[in-house]
Amino acid sequence: MNKIFIVEDDAMIASGLTYALEQEGFETAVASGCEAAKRLYKPGAFIMAILDITLPDGTGYDICRMIKAQEDLPILFLTACDDEVNVVMGLDMGADDYITKPFRIRELCSRIKSILRRYGKHSGEEHLFRAGNVTVDLKKARVTKNNEEVILTAMEYRLLLTLISHRGQVLSRSQLLEGIWDVAGDFVNDNTLTVYIKRIREKLEDDPASPQLIKTVRGLGYCLISGTPDY
């Protein structure tokens, strides 16, 4: 389960949130107000909630109270007001964090992941990515195939992580190059990327007739087959 409950009456913000979170591998369910939220919300159906404070038929505080009365779900408030009263009120009600509008998507995603870690959503089996006979332990940076460890270079592993974080999505070569760019200054070009993809396939995939872990989408880029969530 990796579905996030969003309560936001601004359609443009809700659409942007949905797109950004789905790019991060999450599913979303969106309600535009309190009554819609009450109909949509089901205990145990979500891993966290993102609540706008000002809604057309109530407030995010109302939804927070409803949720907290039924389960200890992580909650992040979206607010146009960052005054101390609003912030303290939300936190006192059990919210885990808040972010003011307008906000940066990357910062929001980072805060979401931080909250989920605090709630143990990254513990146990959830830090493992599995696809077929390949398992990646994201905590130990350990890759196995048929329960035997596979040694990847640092750049190969970084490329694999980039694909895992966008599993099921087609990434262009430029997106992959951006994801594995070496901060130490080592140059990674298009031809080198081809070599890394080839090496990963040789180490992790079976014979060419078998389903591939990394699919080539002609003219577009590469796609890692879906596996268990890594959040």
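Sequential numbering from 1 along the given sequence is applied to the chain's residues.
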Would you kindly say whether [X] and [Y] are connected by a side-chain donor-acceptor distance under 3.5 Å?
| X | Y | result |
| --- | --- | --- |
| Arg201 | Thr216 | yes |
| Tyr222 | Gln169 | no |
| Thr194 | Arg173 | yes |

I'd like to know if the side chain of [X] and the backbone of [Y] have a donor-acceptor N/O pair within less than 3.5 Å.
| X | Y | result |
| --- | --- | --- |
| Glu107 | Arg104 | no |
| Lys145 | Glu205 | yes |
| Thr18 | Ala14 | yes |

*Given side chains that start at C-beta, do those of Asp96 and Phe77 come closer than 4.5 Å, heavy atoms only?*
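Counting from C-beta outward, Asp96 and Phe77 never come under 4.5 Å.
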
*If you look at every heavy atom in Ile200 and Leu160, which pair is closest and at what distance?*
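What the structure gives for the nearest pair is CD1-N, 4.3 Å.
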
*Short N-O contact, Glu8 and Lys101, less than 4.0 angstrom*: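 Yes, this pair counts.
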
*In plain terms, say whether Glu156 and Lys203 are close enough for a salt bridge, that is, a side-chain N and a carboxylate O under 4.0 Å apart.*
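Yes, this pair counts.
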
*Stepwise side chain to side chain contact (heavy atoms under 4.5 Å, CB included) check, Lys215 with Leu224*: CA-CA 6 Å; Lys215 296 181 180 179; Leu224 188 79; over 6 Å; no

*Below 6.0 angstrom between ring centroids: does that apply to Phe5 and Phe46?*
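Yes - the distance between ring centres of Phe5 and Phe46 falls below the 6.0 Å cut-off.
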
